[in-house]
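Okay, structure first, notes after.
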Amino acid sequence: MPTQRHWREIPQRYRLEGNFCPDCNRYFLPPRLVCPGCGRKELTPKKLSRKGKIVTFTVIRVPPKTQELKTPYPVAIVETEEGARLTCQVCDCEPSELRIGQEVEIVFREVMREGKTGVIMYGYKARPV
Amino acid sequence: MVGIVGYGAYLPRFRIKVEEIANQWGNDPEVVKRGLRLKEKTVPAPDEDTITISTEAARYALLRAGIDPEKIGALYIGSESHPYAVKPSGTVVAEALGITPDVHIADFEFACKAGTEAMWVAHNAVKAGEVEYAIGIGADTSQGAPGDPLEYAASAGGSAFIFGRNKIVAEVLHTASFTTDTADFWRREGAFYPRHGGRFTGEMAYFRHITEAGKMLLEKAGMRPEDITYVIFHMPNGRFPLQVGRMLGFKKEQIEPGWIVPEMGNTYSGSSPTGLVATFDIGKPGDIIMLVSFGSGAGSDGFIFRLTDRIDEVRDLAPKVKEMLDRKRYVNYATYAKIREKIILNE
Amino acid sequence: MREVAIIGCGMIRFGELWKKSLRTMFVEAALKAIDDAGVDRIDALYVGCMTSGLFVEQEHLGALLADYLGLAPIPAIRLESACASGGVALRQGFLDIGSGNSEVVLVGGVEKMTDTDRVTDGLASAADQEYEVFHGVTFPGLYAMIARLHMEHYGTKREDLALVAVKNHKHGTMNPHAHFQREITVDQVLASSLVADPLRLLDCSPVSDGAACVVLSSLEWAKAHGKTPVKIIASAMATDTLALHQRKEITTLGSVVESGRKAYAMAGVGPDQIDFAEVHDCFTIAEIVVSEDLGFFKKGEGGKAVREGLTGLDGKIPINPSGGLKAKGHPVGATGVAQAVEAYLQLTGRAEKRQIKDARIGLIQNMGGSGASSVVHILEVV
């Protein structure tokens, strides 16, 4: 992934800066310009909470090239305290110990890197509390 | 008065036992454990490095400081495992904490002393009145060549300290540094693992620099070892800090709270700073705490702190070192070799 | 809108076609379809293909394939909606003729998937690159997360998923164009390697090369020229959020519900009037969810329906008589058109051993990504 593509996403990936539609009570990460629910254009910036729970999850055993060293690794859809959802890896756990509804905290980790000489891309992952 | 207003340590959850490494290389585990006074060490997850460890430790420090991150005017990270040779670690951490762009950033490297170096500069930036708050971090995912005695100790973790003038937790009473050019341990540009001078790293490097810096510091403070409540030295293994403490006239009880190396290993730039956090975790208002680091090359930085009443208010706002040491998951040597990238793969 | 019909079809056997290039596969399938339709004119070409740029580094397929068919200078374009690319190409042909712009159109789908070692990465480009794929999720992973929740909410069993694969492999044995023409057992599915828990290798459609084509004309033209038309009585498409996590519900595919609802309204029929369906079973769980979302079964009862044999060739609603993506193979861009090929064969009584008796109305459903786009067509015997 070209470095500029990752760089553009830094506020979202490092700090969970999304936004929120007060009419629909929906959260967006990345922030959107238009609410897909009601078409509202004035959306409220919102930094998502770092606490959440697992909505559903899987364990990736046939990975994309960038993740081969970490395989097998769990991936989950996480719902944060306010009800926003995001997809991310679950770290520091035995996959067999994961459950739907499990409480997690969002931590800062390396998500991918471009081989031994490329740029290292950081972002959010979930970790069982 | 300038002092620490918030502090935090971060340790990975994976561990490897000394036995596991000793058996891999055909050494007697009991002899190694006794000789180095080590039980196990932390191992970073495959997605952890100096940047992520620094970020988590700094986040905990912010929780204890309770300040607006944007007020931090300087951020310094000391490490000998910065993920990039060229490109700072500090920018990532600052961006993750939300303290950019009005901030001064530098990465430091001075073997295992880089962390206290970052603390020293952060402290002085505040003292000089240049910035309201400054953060100094020591963190490492230490490298030790497979089969080298260093491998038993080289571990991962780090600690962050926010310096400021208001709501101080630990006042900085005195500092001192002792530095010479002594090549006892080094890593050349492009080399994967460090090399060292074997027993030369002891007497002429570790012991000389720490005792000289320690004496300078006590003299400056007009204090004797018995005036100090607790003391922390750099911990390359379990034996050295106890020994250097004896040489300076300290008792084991003064060293023990920060002597976390048997279960943590040597987190290099994060070693004595994390020992300091572990001591803060149990300290009481009024306690005098002395820290002397050591970095090969070689030099030592010394600090004397005095805990304020605020320590009791902030202690429980973030995880303590003991809690992080107790939450662990063991890996075997093969997994360790894989996640520490000691196995040659096709690109 | 004018009435539109399929008047001929052709496809090559799907599989790992080491000796055939993308253009060769397409031209072979197209020539069969043109021959089957018996036409000597093609006014336009629409090709569905998902990611030839990534898989074989070839874009600009419209011009390339028109050229190799000897059809230049007709207008020719390639359409992309991930795995629903074939379906949207069919819909484009339908709209072109329906609007009165063209009279006879060739619609095709093609994918060459075995020329690359980056299939997983290529397919993943149908998901949200920055907010799903960046985090290491794969397509089996997205459907696995749907499966886990479906099992949790509705009590769908792991064996129910396996039974979808077993059924579709059985159907595949009767389809000479299927990639896999051998039966498998539930035990074999459950013993196959995990790809993304709880999905195993035999829950996944294979990586296949292939091409499929149909010829469309207006119904009026077909009748005037003595063709064998099957009328397209509905063509509908719907979309949803690209990222699975942004949907209100994870176990209901909104685009499938909506494209089905629109298609039923357009055709004036309901799910109980459909004689058979070809649906997008890229993974076993997908067939179960889609069979619910198209209204064949109540929400949550798709697994039970498979268990009770309701979706077999002689069941209440036979699903994927061709073998589906699971057994017939899933050259992604070709899939939506291959579904039309099967429907045309079934509705003209040419489906041989897998022929569904008295089939008069068939539904085909083709889906992109984790359900961010869905295309439904309903076809009827004239």
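Quick note on labels: first sequence line is chain A, next is B, and so on, each numbered from 1. All values below come from the heavy atoms of this structure, side chains included, with hydrogens, waters and symmetry mates left out. Treat the numbers as computed from the prediction; the structure is a model and nothing was measured.
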Quiz item: Under a 4.5 Å heavy-atom cut-off, does chain A meet the side chain of C/Gln246, its backbone, both or neither?
Solution: both
Self-check item: Most chain A-contacting option - heavy-atom pairs closer than 4.5 Å, from C/Val133, C/Thr138, C/Thr241
Solution: C/Thr138
Self-check item: Taking every non-hydrogen atom, the tightest pair across A/Tyr73 and C/Gly136
Solution: OH-O, 2.5 Å
Quiz item: Does a side-chain heavy-atom distance below 4.5 Å link C/Glu132 with A/Val75?
Solution: no
Quiz item: Can you name the closest pair of heavy atoms from A/Phe57 and C/Arg148 and give their distance?
Solution: O-NE, 2.6 Å
Exercise. Sort C/Leu199 into side chain, backbone, both or neither according to what part of it lies under 4.5 angstrom from a heavy atom of chain A.
Key: neither
Quiz item: Using a cut-off of under 4.5 Å for heavy-atom pairs, which of A/His6, A/Gln12, A/Met121, A/Lys125 has the most such pairs with chain C?
Solution: A/Gln12
Quiz item: Which region of C/Arg200, side chain (C-beta onward) or backbone (N, CA, C, O), has a non-hydrogen atom less than 4.5 Å from a non-hydrogen atom of chain A, or is it both or neither?
Solution: neither
Quiz item: Counting distance only, does the side-chain N/O of A/Arg13 pair as donor-acceptor with the main-chain N or O of C/Glu130 below 3.5 Å?
Solution: yes
Quiz item: Does the side chain of A/Thr87 pick up a donor-acceptor pair with the side chain of C/His135 at under 3.5 Å?
Solution: no
Quiz item: Which atom pair, heavy atoms only, marks the closest approach of A/Val111 to C/Phe134?
Solution: CG1-O, 3.2 Å
Self-check item: Region of C/Asp117 that comes under 4.5 Å of a non-hydrogen atom in chain A
Solution: both
Practice problem: Output, in order, the C-alpha distance, side-chain angles, deciding distance and verdict of side-chain contact (heavy atoms from CB on, under 4.5 Å) for C/His245 and A/Val78. | Solution: CA-CA 8 Å; C/His245 63 250; A/Val78 171; over 6 Å; no
Self-check item: Closest non-hydrogen atom pair between A/Val55 and C/Leu149, with its separation
Solution: O-CD1, 3.2 Å
Quiz item: Do you know the tightest heavy-atom contact between C/Asp121 and A/Pro64?
Solution: OD1-CB, 3.5 Å
Quiz prompt | CD1-OG1 distance between C/Ile250 and A/Thr56, expressed to the nearest 0.5 angstrom | solution = 6.5 Å
Self-check item: Heavy-atom pairs under 4.5 Å with chain A, option from C/Leu142, C/Val195, C/Ile146 with the top count
Solution: C/Val195
